[in-house]
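Read the structure below first, then the notes.
Just so it is clear: chains get the letters A, B, ... in the order the sequence lines come, proteins before strands, and each one is counted from 1. Every heavy atom of this structure was used, including side-chain atoms; hydrogens, water molecules and symmetry mates were not.
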Amino acid sequence: MFEARLGQATILKKILDAIKDLLNEATFDCSDSGIQLQAMDNSHVSLVSLTLRSDGFDKFRCDRNLSMGMNLGSMAKILKCANNEDNVTMKAQDNADTVTIMFESANQEKVSDYEMKLMNLDQEHLGIPETDFSCVVRMPAMEFARICRDLAQFSESVVICCTKEGVKFSASGDVGTANIKLAQTGSVDKEEEAVIIEMQEPVTLTFACRYLNAFTKATPLSTQVQLSMCADVPLVVEYAIKDLGHIRYYLAPKIEDNET
Amino acid sequence: MIMVRRRQRTAKESTSSSASGGGPSSASGIPVDQTLPMSVAGSLLEDQYFASPKRKDCRLMKVSENGQLPETTLMDHKGHHKDNKAGRTIGVPLATRSQTRTIENFFKANAAVKDSEKTIHTEDQLELVDEEQNQEDKHMNGQLNEEGEELELANEQLNEHLTAFADDEDAKAEQKLMEELQLQQVVEELLFDGSSRASSDSPCYQREMAAMQEIQVMPEILHIKEFPELNERLGSLADFQTHRSALRDSHSSTHSSSTDNIFLQEPVLTLDIDRTPTKASSIKINRSFELAGAVFSSPPSVLNACLNGRFNQIVSLNGQKEPLAGPSFDLDQHDSSSCDSGVACALTANTESPAGQARRRKPATPHRILCPSPIKTGLKVTGGICKVGSTDPLSPRKSPRKLPATTAAVAACKSRRRLNQPKPQAPYQPQPQLQKPPPQQQQQQDDIVVVLDDDDDEDEDDVHALLKAAEERENQNKAPATANCNKAGMKAMLKPAPVKSKTKSKGPAKGQPPLPLAATNGNREMTDFFPVRRSVRKTKTAVKEEWMRGLEQAVLEERCEGLQVRHFMGKGRGVVAERPFKRNEFVVEYVGDLISINEAAEREKRYALDENAGCYMYYFKHKTQQYCIDATVDTGKLGRLINHSRAGNLMTKVVLIKQRPHLVLLAKDDIEPGEELTYDYGDRSKESLLHHPWLAF
């Protein structure tokens with residue numbers, strides 16, 4: 001028996017919105033510690049890792065480990081049926097081939113049940129080693145989304161160059177070149193607007209804009225985004241989900257072609 | 001099934017058309033050898049056609065008969081084919097094609113009316129031809145048992161004629177060329193009749209389909225031969241057009257005569273139009289009519305067959321105009337086949353003089369709309385048809401009707417469905433159909449029929465666009481048509497390819513799939529950095545089994561590694577670990593004599609007498625049976641030297657190997673090197689304690 005209850009459907013909605021563009025289907029691994037999801041996109045260029053801790057749920061029960069393969073498009077459709085303030089409860093039997101998603105209005109006057117068929121997905125699971133990143137940049141998520149969106153107009157790829165002074169995003173294409181520099185904020189008035197750079201050594205990496213823009217679909221989940229970079233290692237874009245966990249995107253760097 | 005049959009029929013038709021084209025070519029005298037096989041193939045094709053698209057065959061036969069009657073053999077073959085077809089068509093029910101038949105029936109009804117008019121003149125001729133054909137068919141009947149007896153007779157006659165007439169055909173071809181104009185008119189009438197008949201009789205179509213399948217190989221050859229003829233025809237396209245106009249007039253006159261054949265009762269709707277075009281075309285190409293007739297037979301659906309027959313007639317008209325050019329006849333045949341594959345026809349037709357035909361066809365009744373798909377397919381199938389189409393322009397009205405009809409017949413399988421559908425959709429489809437028909441006409445005129453495309457959808461779309469463009473480009477198309485004719489001669493050159501390309505271009509334009517995120521151009525993959533986890537988890541039982549297997553292996557090996565014997569003050573010898581042992585790891589086996597309790601008691605008494613004898617008797621219980629291992633004898637094994645400790649770091653386990661229990665000492669906990677290995681002897685009896693006070697520790 002698996003049962004997880006969230007106070008606000010909006011969080012689950014945002015999570016689905018954040019991953020359904022990259023993934024068509026994914027397996028939710030439910031255990032006593034929470035729900036985890038790890039899946040690569042079709043091209044195997046990026047990887048999504050979602051962690052929802054059990055203590056972040058209003059109610060969480062998982063008697064046996066359960067893997068629920070879901071079509072994320074279908075899941076998103078179901079979640080569209082929920083009001084943002086509804087309570088969401090996911091339920092599944094131990095060996096069930098369906099999962100039940102129940103929405104309850106705040107005053108319990110309306111209860112809607114949706115049962116979705118599960119899929120048996122044979123997806124590869126990647127072992128992600130712990131990495132000491134050369135650079136870790138924390139910046140406002142909105143700012144990152146804006147940068148990715150703007151630079152995508154110039155080129156398919158973005159060069160991220162991180163130094164002590166700050167982090168520079170640059171793109172060059174047929175139209176011309178674009179450079180956006182962010183300096184580390186000296187005084188941290190508002191934590192969510194701060195740009196914080198922890199750097200062991202400078203790093204310059206090239207990434208595909210399209211994937212970065214797909215990652216920024218998670219912007220509504222968090223005010224801050226953390227970019228972790230290391231030479232010849234995938235970029236990690238992490239959005240924290242308050243009190244619940246985090247969603248991490250891994251993006252393989254582009255093959256060395258142009259470093260500015 | 002029906003669809004398949006239709007397709008097969010179409011193929012057969014194509015072959016038959018090619019064969020018929022060969023006949024004309026032979027008549028023209030261009031390739032005698034080719035013409036001979038062509039004529040043979042044509043006869044075979046015709047037989048087949050008789051089965052399914054009798055209309056076309058009938059038309060061809062009629063034409064050939066009319067024109068060839070004086071010339072004997074070739075004419076006879078053709079006439080036989082036509083007769084066979086006609087007879088088959090007459091007897092065959094349209095019911096074979098379930099879906100399309102209804103529409104076809106309707107068309108046929110109209111055609112029948114028209115045919116009735118046409119058949120009047122032709123019936124007499126047809127009867128004569130039928131008699132001759134019946135004789136010929138006798139030979140063919142063996143192969144075409146399925147076909148009607150008449151068909152069989154015609155086939156036999158055809159076979160005989162084919163062999164004997166191969167040479168005759170050449171001479172006949174020349175004669176035919178001379179007589180073509182006259183014969184063409186007659187042929188046109190005959191063709192119309194035959195087409196009408198074929199259309200009316202579904203069984204005939206089926207037979208033709210079967211024949212088409214058989215003849216498929218032959219048509220290709222015929223087509224090849226036909227291609228040069230087509231080129232020649234292309235050159236004369238302008239002439240053909242003029243001829244067409246004349247043919248149209250003639251067709252109008254001939255149609256009445258041709259329609260007289262009740263047998264030909266072709267699709268009612270198309271019959272009128274077809275007749276006129278067919279007549280015009282038939283006037284031009286008598287020889288081509290023969291070939292075309294074979295092709296027409298290919299159209300699976302009766303309606304299509306009727307239409308095809310008309311087209312064939314048209315083609316034949318073209319051929320008549322250019323009787324000398326063997327290719328033109330071939331083209332005509334191709335055209336007839338192309339009728340099924342309307343697209344191919346449209347393409348070729350567009351190139352040559354498709355526009356005029358297309359325009360004419362467009363105005364044609366919505367029924368033609370159904371045909372367009374077949375026409376398209378025909379266009380796709382063979383570029384050679386285009387050449388024929390150039391010749392076709394002679395009879396714009398007839399050609400349009402015929403073209404749609406042929407296209408419908410050619411595409412019969414697919415077209416039938418479409419035709420049925422398009423009719424209801426008439427308001428929307430008429431324009432496309434109209435567009436399509438012109439290409440078909442063109443194609444038919446061109447004799448491009450060689451290959452019939454079954455892809456109605458693409459063909460239709462392409463055909464529509466092609467037709468429109470073709471109309472605009474008619475002049476330009478003529479030149480392309482010639483090129484198409486050349487291509488048709490190549491077979492491989494078939495215009496269908498260009499059509500396909502066009503269709504493809506259209507296809508992508510219609511639906512451009514969004515760029516997938518998956519595109520990894522220049523990007524590395526996650527799997528390059530993170531290893532894929534392969535689960536190494538084993539079930540509890542699997543782990544245990546593995547462990548037990550390890551124990552057995554160790555016992556069998558008498559493993560005793562990492563152990564060292566050392567002397568301990570007060571205890572004597574002991575065993576010390578030289579290497580670390582993991583928990584539950586095998587350390588050593590307690591080796592001794594496995595004896596029963598009774599034996600052990602006796603030995604106990606004996607050992608009691610010897611004060612030097614140590615305590616080496618290990619009693620244990622395994623599966624309700626009490627055993628004892630006596631290691632009193634110093635065998636040099638280390639198991640017996642391990643000392644006692646109530647808090648030992650080893651434990652014993654019984655392992656059954658080959659039905660014999662073994663005592664194995666396992667590490668109770670992780671053991672560090674240098675630790676003495678001990679285990680609990682478990683003897684708590686007072687007597688033992690008395691004698692061995694160390695047991696208490």
Side-chain angles (χ1 to χ4, degrees), chain A residues 19-24 27 29 36 38-49 65 67 122-131 152 155-159 205-215 217 229-236 248-258, chain B residues 455 457-458 461 500-551 553 579-585 666-670 672:
Chain A
I19 60 176
K20 72 181 171 67
D21 284 358
L22 278 171
L23 310 173
N24 292 326
T27 302
D29 295 313
Q36 284 197 314
Q38 191 205 75
M40 285 183 287
D41 71 310
N42 288 332
S43 63
H44 288 197
V45 166
S46 63
L47 180 141
V48 180
S49 174
N65 288 354
S67 289
D122 184 19
Q123 289 185 329
E124 292 175 325
H125 200 263
L126 298 187
I128 302 174
E130 290 186 11
T131 307
S155 173
E156 287 183 354
S157 55
V158 171
V159 178
L205 290 170
T206 307
F207 300 101
C209 265
R210 205 189 316 158
Y211 293 95
L212 293 177
N213 275 315
F215 297 165
K217 294 289 191 296
M229 289 171 288
C230 189
D232 211 29
V233 162
L235 163 77
V236 183
R248 283 182 183 149
Y249 299 95
Y250 295 81
L251 177 60
K254 296 201 97 175
I255 295 167
E256 300 288 337
D257 44 20
N258 55 342
Chain B
D455 298 341
D457 297 340
E458 293 177 356
D461 296 345
K500 291 177 180 177
S501 64
K502 292 178 179 179
T503 58
K504 290 178 180 178
S505 64
K506 291 178 179 178
K510 291 177 180 177
Q512 291 179 348
L515 292 175
L517 265 176
T520 60
N521 52 338
N523 225 326
R524 293 205 258 177
E525 296 188 1
M526 293 306 294
T527 47
D528 295 342
F529 302 95
F530 300 145
V532 176
R533 273 188 190 162
R534 306 293 182 192
S535 175
V536 294
R537 291 195 298 180
K538 300 167 192 164
T539 60
K540 224 174 183 178
T541 53
V543 172
K544 194 172 183 180
E545 285 175 5
E546 203 170 87
W547 178 64
M548 288 300 290
R549 236 178 286 123
L551 287 183
Q553 186 68 23
R579 66 173 178 89
F581 287 90
K582 292 277 187 182
R583 188 180 175 211
N584 284 338
E585 188 178 350
L666 306 176
K668 194 191 277 182
D669 285 311
D670 291 349
E672 295 297 322

(Q) side chain to side chain contact (heavy atoms under 4.5 Å, CB included) for A:Ile128 and B:Met526? Distances and angles first, verdict last. (A) CA-CA 10 Å; A:Ile128 302 174; B:Met526 293 306 294; over 6 Å; no
Q | Approximate separation, where rounding is to 0.5 Å, of B:Thr527 OG1 and A:Met40 CE | A | 6.0 Å
Q | Contacts of A:Tyr249 that satisfy ring pair (Phe, Tyr, Trp, His ring centres under 6.0 Å) - sequence neighbours left out | A | A:Phe215
Q | Spacing of NE2 belonging to A:His125 relative to CZ belonging to B:Phe530, to within rounding of 0.5 Å | A | 12.0 Å
Q. Any chance CZ of B:Arg583 has more than 12 other-residue heavy atoms, nucleotides or ligands included, within less than 6.0 Å?
A. no
**Q.** Residue pair B:Arg524 / A:Leu251, side-chain heavy-atom distance below 4.5 Å
**A.** no
